[in-house]
**Student:** 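Below: one structure in structure tokens.
This one's a predicted model, so the numbers in the text were calculated from it and none came from an experiment.
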Amino acid sequence: MFKSKGITVKTGDEELVNITSRVSEKLSETGIENGFCLVFCPHTTAGIFVNERESGLKEDMLSFLKETAPKGQGYKHDRGPETNAHAHIRNMLTGESTVLPVEDGKLVLGTWQNVFLLESDGPRTRNVNIYVMGEN
Ligand code: ZN
């Protein structure tokens, strides 16, 4: 069985948004008990990744991305009309999707693992597509 769902996420300027509970909710709606769940963000300036939700670490991860690909560094893409090359480059680091196992109707995640959306070019409303393949 294959099912697809979607959520929208309202974001701030630059932030990490924990979307784990919203993905889990959509997984539950599919009724699929065992299989795989693909979380895919169809944007080139927002990313998806799995990591720990501890608040200090969230700040550390965002700081790392901001320092690694700062805004306004004379990027060629920023000649216009867009000025968001930094966000595209950060997306290269996180990727735009993750695949998680599903067991007994739940996402298989380690104790500290959460699913995050990285916003680097907000505020925006981001779409996140959730594709679940498996059996009831
Ligand atoms: Zn752009």
Side-chain angles (χ1 to χ4, degrees):
M1 180 184 293
F2 174 81
K3 298 245 174 123
S4 65
K5 297 278 181 180
I7 61 172
T8 57
V9 181
K10 288 191 185 302
T11 62
D13 178 29
E14 296 176 294
E15 66 172 332
L16 301 181
V17 184
N18 188 339
I19 60 170
T20 312
S21 61
R22 297 192 61 200
V23 173
S24 294
E25 191 178 304
K26 291 296 168 185
L27 169 63
S28 296
E29 288 175 16
T30 68
I32 292 175
E33 290 287 315
N34 294 292
F36 293 95
C37 178
L38 166 64
V39 183
F40 172 74
C41 185
H43 303 280
T44 57
T45 56
I48 297 286
F49 66 96
V50 173
N51 213 303
E52 184 173 321
R53 69 169 180 266
E54 191 273 321
S55 59
L57 181 65
K58 280 177 64 182
E59 288 179 35
D60 292 335
M61 291 189 291
L62 191 56
S63 294
F64 170 80
L65 291 164
K66 287 179 175 180
E67 286 162 17
T68 303
K71 282 185 181 175
Q73 292 296 300
Y75 303 111
K76 291 180 177 138
H77 183 62
D78 289 356
R79 290 182 293 211
E82 293 190 320
T83 56
N84 57 5
H86 65 282
H88 291 285
I89 293 167
R90 291 177 199 172
N91 187 7
M92 288 171 57
L93 300 176
T94 64
E96 73 300 309
S97 65
T98 190
V99 178
L100 296 168
V102 175
E103 285 182 2
D104 300 326
K106 297 194 178 341
L107 296 173
V108 177
L109 287 165
T111 305
W112 301 104
Q113 288 183 315
N114 282 252
V115 183
F116 289 96
L117 180 146
L118 165 68
E119 176 61 79
S120 296
D121 191 33
R124 304 266 286 263
T125 299
R126 299 296 192 172
N127 297 310
V128 178
N129 301 347
I130 298 158
Y131 304 99
V132 187
M133 186 176 284
E135 58 189 18
N136 292 38

**Student:** Distance check, rounded to the nearest 0.5 Å: Asn91 atom CG versus Cys41 atom SG?
**Tutor:**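 The SG atom of Cys41 is 7.5 Å from CG of Asn91, to the nearest 0.5 Å.
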**Student:** Can you hop from Leu118 to Leu93 via hydrophobic side chains spaced under 4.5 Å?
**Tutor:**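 Shared cluster, yes.
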**Student:** Will you find, in the side chains of Asn114 and Thr20, an N or O donor that is under 3.5 Å from an N or O acceptor?
**Tutor:**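 Their side chains do contain a donor-acceptor pair, which is all the 3.5 Å distance test asks for.
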**Student:** Less than 4.5 Å apart, side chain to side chain, heavy atoms only: is that true for Cys37 and Val23?
**Tutor:**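 Yes, at least one pair of side-chain atoms sits under 4.5 Å.
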**Student:** Quick check: do Glu52 and Lys58 have side-chain heavy atoms less than 4.5 Å from each other?
**Tutor:**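 When only atoms from C-beta onward are counted, Lys58 and Glu52 do not touch, as no gap falls below 4.5 Å.
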**Student:** Compare all side-chain heavy atoms of Glu135 with those of Glu33 and state whether any distance is below 4.5 angstrom.
**Tutor:**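 A side-chain contact is absent here, since even the closest heavy-atom pair is not under 4.5 Å.
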**Student:** Please report the shortest heavy-atom distance between Phe2 and Met133, naming the atom on each side.
**Tutor:**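 Residues Phe2 and Met133, closest heavy atoms: CD1-CE, 3.8 Å.
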**Student:** Within the 3.5 Å criterion, strictly below it, is a donor on Thr8 or Arg22 matched to an acceptor on the partner's side chain?
**Tutor:**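 Per modelled atom types, Thr8 and Arg22 side chains form no pair under 3.5 Å.
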**Student:** Do Thr45 and Ser120 have side-chain heavy atoms sitting under 4.5 Å apart?
**Tutor:**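 They are not in side-chain contact.
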**Student:** Got a second to check how far Phe116's CZ is from Leu16's CG, nearest 0.5 Å?
**Tutor:**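 Rounded to the nearest 0.5 Å, the CZ-CG separation comes to 6.5 Å.
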**Student:** Does any part of the side chain of Val128, heavy atoms only, come nearer than 4.5 Å to the side chain of Ile19, both counted from C-beta?
**Tutor:**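 Contact flag for Ile19/Val128 side chains = yes.
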**Student:** Does a donor on one side chain and an acceptor on the other come within less than 3.5 Å for Glu82 and His77?
**Tutor:**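 There is such a pair (donor and acceptor under 3.5 Å, judged by atom type) between the side chains of Glu82 and His77.
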**Student:** Walk me through it: do Glu119 and Arg124 pass the test salt bridge (charged side-chain N to carboxylate O under 4.0 Å, His left out)?
**Tutor:** CA-CA 8 Å; Glu119 176 61 79; Arg124 304 266 286 263; 5.5 Å; no
**Student:** Can you tell me how far CG of Asn84 sits from OG1 of Thr44, rounded to the nearest 0.5 angstrom?
**Tutor:**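 It comes to 7.0 Å.
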**Student:** Are Ile48 and Val99 joined in one hydrophobic group, where the rule is that I, L, V, M, F, W and Y side chains link up if heavy atoms are under 4.5 Å apart?
**Tutor:**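 Different clusters.
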**Student:** When Phe49 is tested against each of Thr98, Leu117, Val39, Thr94 for side-chain contact (heavy atoms from CB on, under 4.5 Å), which residue passes?
**Tutor:**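 So the option named by the test is Thr94.
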**Student:** How far apart are the C-alpha atoms of Lys5 and Tyr131, what are their side-chain angles, what is the distance that settles it, and do they pass the side-chain contact (heavy atoms from CB on, under 4.5 Å) test?
**Tutor:** CA-CA 6 Å; Lys5 297 278 181 180; Tyr131 304 99; over 6 Å; no
**Student:** Could you tell me whether Asp121 and Arg90 make a salt bridge, using a distance below 4.0 angstrom between a side-chain N and a carboxylate O?
**Tutor:**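 Looking at Asp121 and Arg90, the cut-off is not met.
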**Student:** Would you compute the distance between atom NZ of Lys106 and atom OG of Ser24 and round it to the nearest 0.5 angstrom?
**Tutor:**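 The OG atom of Ser24 is 8.0 Å from NZ of Lys106, to the nearest 0.5 Å.
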**Student:** Would you indicate whether Glu54, at its atom CD, is surrounded by more than 12 heavy atoms from other residues, nucleotides or ligands within a distance under 6.0 Å?
**Tutor:**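 Yes - once you tally the heavy atoms of other residues, nucleotides and ligands closer than 6.0 Å, there are more than 12.
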**Student:** Kindly indicate whether the side chain of Glu67, heavy atoms from C-beta on, has any atom under 4.5 Å from the side chain of Ser63.
**Tutor:**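 Glu67 reaches Ser63 side chain to side chain.
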**Student:** Quick one: does Glu29's side chain get under 4.5 Å of Ile130's, heavy atoms only?
**Tutor:**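 No, too far: nothing below the 4.5 Å cut-off.
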**Student:** Please report the shortest heavy-atom distance between Pro42 and Asn129, naming the atom on each side.
**Tutor:**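 Residues Pro42 and Asn129, closest heavy atoms: CG-ND2, 4.0 Å.
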**Student:** Examine Met61 and Val9 and state if one hydrophobic cluster contains both, with Ile, Leu, Val, Met, Phe, Trp and Tyr joined whenever side-chain heavy atoms are less than 4.5 Å apart.
**Tutor:**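 Hydrophobic grouping puts Met61 apart from Val9.
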**Student:** Between atom NZ of Lys66 and atom CD of Glu59, what is the distance when rounded to the nearest 0.5 Å?
**Tutor:**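 If I round to the nearest 0.5 Å, the distance is 9.5 Å.
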**Student:** Taking C-beta and beyond as the side chain, do Val115 and Asn51 meet within less than 4.5 Å on heavy atoms?
**Tutor:**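 No - every pair of side-chain heavy atoms lies 4.5 Å or more apart.
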**Student:** Nearest 0.5 angstrom please: His86 NE2 to Thr68 OG1, how far?
**Tutor:**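 Taking NE2 in His86 and OG1 in Thr68, the distance rounds to 13.0 Å.
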**Student:** Checking the side chain of Glu15 only, and the main-chain atoms of Gly12 only, is there a donor and an acceptor separated by less than 3.5 Å?
**Tutor:**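 Pair found, side chain donor or acceptor close to backbone of Gly12.
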**Student:** Using the rule that Ile, Leu, Val, Met, Phe, Trp and Tyr join whenever any side-chain heavy atoms are under 4.5 Å apart, tell me whether Leu57 and Leu65 fall into a single cluster.
**Tutor:**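 Linked within one cluster.
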